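Keep in mind the model is a prediction, meaning the values are calculated, not measured. Quick note: residue numbers are just sequence positions, from 1.
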Amino acid sequence: MKKFLFFCSFVLTLLSAQAHEYYFAFGEVEYNETNKRLEITLEMSAHDMELDLKKTGVVFDKHIESQTQNEVFKKQFESYLLKGFSISTNEQLVQLSLIGFDVLPNGQLYAYMESVPLELGNSLLFRFDLLMKSFPNQQNKITFIYHKQKQTAVFLPTKPTEIITL
């Protein structure tokens, strides 16, 4: 009987506990010196992305992974991503385009982007507030690779931009 009461109180304690929600997105940006382009991979939860896309009015059937060949969706998705992720150099916004995206079986969404050819200035200004309007606890992180050196930057709702000095 004691074990049963202990088990019941344990289950009730678990049910009454509230999980603290955290949301993360990661980015890797590398400057390809051969073609003078920034190559970008953004990683986030496909489920969170689907919820946020639908909130912003992007309409699609089923799940996001079924949209990889849908050109209309890809344009809308690119536009959505560019509202939450941008790079500037020499006080100029860098033009980025979506190459494609993929959803892995674990539910992680990878979006692949690249820039137009450009010469880098002394620094890059990153804005990475993707998903932060819908998820107030969203935290994003960028790893920037240049000359085989890595630098990281962290983005929070209170700090959506970061400067990386080259």
Side-chain angles (χ1 to χ4, degrees), residues 14-32 37-89 91-118 120 123-146 150-164:
L14 284 178
L15 292 174
S16 66
Q18 294 182 350
H20 191 77
E21 295 178 333
Y22 288 99
Y23 301 92
F24 298 96
F26 302 97
E28 183 174 286
V29 179
E30 184 169 6
Y31 184 67
N32 182 326
R37 294 177 188 262
L38 293 169
E39 298 171 345
I40 302 147
T41 301
L42 300 178
E43 175 189 356
M44 66 227 76
S45 162
H47 176 68
D48 293 347
M49 185 58 64
E50 285 177 356
L51 289 174
D52 206 40
L53 283 167
K54 288 178 180 176
K55 277 185 186 179
T56 61
V58 177
V59 179
F60 54 94
D61 296 334
K62 300 179 187 173
H63 295 287
I64 198 167
E65 58 264 23
S66 65
Q67 304 302 309
T68 57
Q69 301 304 315
N70 181 339
E71 294 302 320
V72 173
F73 174 80
K74 284 168 77 172
K75 277 292 179 200
Q76 292 176 319
F77 187 41
E78 177 183 80
S79 176
Y80 170 86
L81 289 172
L82 294 176
K83 289 177 185 168
F85 179 82
S86 67
I87 304 170
S88 300
T89 187
E91 298 183 25
Q92 296 282 4
L93 190 63
V94 175
Q95 184 179 341
L96 303 174
S97 60
L98 178 68
I99 299 169
F101 63 94
D102 193 23
V103 179
L104 298 184
N106 67 0
Q108 288 300 104
L109 167 65
Y110 289 83
Y112 308 103
M113 304 175 83
E114 71 178 358
S115 72
V116 296
L118 69 130
L120 297 180
S123 64
L124 293 171
L125 173 65
F126 288 90
R127 182 181 50 79
F128 193 17
D129 58 355
L130 190 67
L131 297 169
M132 288 184 183
K133 290 182 178 104
S134 292
F135 304 107
N137 294 323
Q138 180 75 26
Q139 299 178 28
N140 298 336
K141 180 181 175 183
I142 290 277
T143 300
F144 178 67
I145 304 166
Y146 180 61
K150 292 183 180 183
Q151 295 184 59
T152 59
V154 175
F155 304 84
L156 303 168
T158 57
K159 191 178 73 163
T161 61
E162 275 289 337
I163 295 173
I164 291 183

Smallest separation among heavy atoms of Val116 and Arg37, with atom names:
CA-NH1, 3.9 Å
Could you tell me whether the side chain of Thr89 and the main chain of Ser123 form a donor-acceptor pair under 3.5 Å?
yes
Would a distance-only check, ignoring hydrogens and angles, find a side-chain to backbone donor-acceptor pair under 3.5 Å from Glu114 to Ile99?
no
Closest non-hydrogen atoms of Leu130 and Gln138, given as atom of the first, atom of the second and distance, are O-CG, 3.5 Å
Spacing of CG belonging to Asp48 relative to CG belonging to Leu53, to within rounding of 0.5 Å:
11.0 Å
Relative to the ring of Phe85, is the ring of Phe128 parallel (under 30°), tilted (30 to 60°) or perpendicular (over 60°)?
perpendicular
Determine whether Phe155 and Glu162 make a side-chain contact, defined as any pair of heavy atoms from C-beta on separated by less than 4.5 Å.
yes
Write down the atom of Leu42, the atom of Gly27, and the distance for their closest heavy-atom approach.
CD2-CA, 3.9 Å
More than 12 heavy atoms from other groups under 6.0 Å of NZ on Lys74
yes
Within the side chain of Ser66, is there an N or O that forms a donor-acceptor pair under 3.5 Å with the backbone of His63?
yes
Full working for side chain to side chain contact (heavy atoms under 4.5 Å, CB included) between Leu109 and Phe77
CA-CA 12 Å; Leu109 167 65; Phe77 187 41; 3.7 Å; yes
Can you find a heavy atom in the side chain of Ile87 that is under 4.5 Å from one in the side chain of Ile40?
yes
Specify the closest pair of heavy atoms between Ser97 and Glu78, including all atoms of both residues, with the distance to one decimal.
CA-OE2, 3.2 Å
Nearest heavy-atom approach of Ala153 to Ile164 is CB-CD1, 4.2 Å
Counting heavy atoms not belonging to Gln108, are there more than 12 under 6.0 Å from its CD?
yes
Result of checking Leu93, Thr161, Val94 against Ser86 for side chain to side chain contact (heavy atoms under 4.5 Å, CB included):
Leu93
Of all the heavy-atom pairs spanning Lys54 and Lys62, show the shortest one and how long it is.
NZ-O, 4.3 Å
